[in-house]
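Here you go, one structure.
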Amino acid sequence: MAQGRGSAAQGLALGLLLVCLLVGSDVAAAATYNVDWSFGADSWSKGKNFRAGDVLVFSYDPSVHNVVAVDAGGYSGCRESGTKYSSGNDRITLGRGTSYFICSFSGHCGAGMKMAVTAS
């Protein structure tokens, strides 16, 4: 009987190790992207396959630009409606679904300084 208990404990430990490895592999698979945060930024994201957990790095001069995470209405209407980033070196982790970003400096979003990114 002791033999059976030991085997069950070893199997449980092996199963927990496997779960940890699988969870860890998801984190290791996250990518970091350096965003071309400029006018026409939306074209930068085209053709890229983003995943939840990926990190977008926005590097820019904070005296002339910022990054605002907005909803779909803020994106299409160029309305500041969410979290504003202004460090000039912002790191934003993507969640599942579509994330929208604009520059809220006057006229910048309307001139194409906005981006929609969809992560699976």
Side-chain angles (χ1 to χ4, degrees):
M1 231 192 232
Q3 177 86 15
R5 282 189 209 145
S7 296
Q10 287 173 342
L12 180 60
L14 190 58
L16 287 173
L17 178 62
L18 181 60
V19 167
C20 288
L21 288 173
L22 289 173
V23 169
S25 71
D26 242 4
V27 172
T32 300
Y33 293 91
N34 293 311
V35 176
D36 179 13
W37 194 230
S38 59
F39 297 99
D42 214 17
S43 64
W44 172 85
S45 63
K46 301 291 185 227
K48 292 179 176 63
N49 294 312
F50 299 100
R51 296 180 65 191
D54 286 351
V55 176
L56 300 181
V57 179
F58 293 82
S59 298
Y60 55 91
D61 179 349
S63 68
V64 294
H65 299 299
N66 62 23
V67 176
V68 183
V70 296
D71 59 17
Y75 175 81
S76 62
C78 289
R79 288 186 313 275
E80 183 177 341
S81 60
T83 304
K84 183 189 287 188
Y85 301 88
S86 57
S87 74
N89 191 32
D90 308 316
R91 298 176 62 85
I92 301 172
T93 302
L94 294 174
R96 191 172 310 276
T98 303
S99 298
Y100 301 94
F101 306 98
I102 67 168
C103 177
S104 68
F105 275 65
S106 182
H108 290 199
C109 177
M113 198 165 186
K114 63 183 189 174
M115 181 174 63
V117 175
T118 302
S120 57

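Atoms considered below: every heavy atom in the structure, side chains included; atoms not considered: hydrogens, waters and symmetry mates.
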side-chain contact (heavy atoms from CB on, under 4.5 Å) against K48, all qualifying residues, sequence neighbours excluded: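 side-chain contact (heavy atoms from CB on, under 4.5 Å) list for K48, sorted by chain: Y33, W44, F50.
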
Apart from V57 itself, residues in the same hydrophobic cluster as defined by side-chain heavy atoms under 4.5 Å: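 Taking Ile, Leu, Val, Met, Phe, Trp and Tyr as members, V57 shares its hydrophobic cluster with V55.
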
Rounded distance [0.5 Å steps], CG in D54 versus OG1 in T93: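 Rounded to the nearest 0.5 Å, the CG-OG1 separation comes out at 9.0 Å.
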
In Å, rounded to the nearest 0.5 Å, how long is the span from CD1 of I102 to CG of D42?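 The CD1 atom of I102 sits 12.5 Å away from the CG atom of D42.
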
Pairing residues for Y85 by the ring pair (Phe, Tyr, Trp, His ring centres under 6.0 Å) criterion, not counting sequence neighbours: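 With neighbours one apart ignored, the set is empty.
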
Under the rule for side-chain contact (heavy atoms from CB on, under 4.5 Å), what residues qualify as partners of C103, not counting sequence neighbours?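 With sequence neighbours excluded, C103 shows a side-chain contact (heavy atoms from CB on, under 4.5 Å) to W37, H65, N66, F105, H108, M113, given in chain and number order.
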
For the residue pair V67 and Y60, establish whether any side-chain heavy-atom pair is separated by less than 4.5 Å.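 SC-SC contact between V67 and Y60 confirmed.
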
Name all residues meeting the side-chain contact (heavy atoms from CB on, under 4.5 Å) criterion together with S106; count only those two or more places apart in sequence or in a different chain, and write none if there are none.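 Here no residue qualifies.
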
Could you pull out the closest heavy-atom pair between G53 and A30, with the gap in Å?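 Heavy-atom minimum between the residues: O-CB, 3.5 Å.
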
I'd like to know if the side chain of R51 and the backbone of A119 have a donor-acceptor N/O pair within less than 3.5 Å.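 Side chain of R51 to backbone of A119: no pair is present.
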
Suppose we screen for side-chain contact (heavy atoms from CB on, under 4.5 Å). Which residues come up paired with N49, at least two apart in sequence or across chains?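 Residues passing side-chain contact (heavy atoms from CB on, under 4.5 Å) with N49: none at all.
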
Nearest 0.5 angstrom please: S45 OG to K114 NZ, how far?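 Going from the OG atom of S45 to the NZ atom of K114 covers 12.0 Å.
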
Considering all heavy atoms, the nearest G74-V70 contact: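 It is C-CG2, 3.8 Å.
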
Rounded to the nearest 0.5 Å, how far apart are CG of L56 and OG of S99?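 Reported value, rounded in 0.5 Å steps: 7.5 Å.
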
What is the minimum heavy-atom distance between P62 and S86, and which atoms define it?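 Heavy-atom minimum between the residues: CB-O, 3.3 Å.
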
Determine, using the 4.5 Å side-chain heavy-atom cutoff (strictly less than), whether M115 and L94 are members of one ILVMFWY cluster.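 Yes, M115 connects to L94 through the hydrophobic network.
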
Contact summary for S104 and K84, nearest pair of heavy atoms: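 Smallest interatomic distance, heavy atoms only, reads OG-CE, 4.0 Å.
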
A52 to G95 - nearest heavy-atom pair and separation: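 That closest heavy-atom pairing would be CB-C, 3.9 Å.
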
CZ of F101 to SG of C109: how many Å apart, nearest 0.5 Å?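 That separation rounds to 13.0 Å.
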
Closest non-hydrogen atom pair, T98 against A116: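 Closest heavy-atom pair between T98 and A116: CG2-CB, 4.3 Å.
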
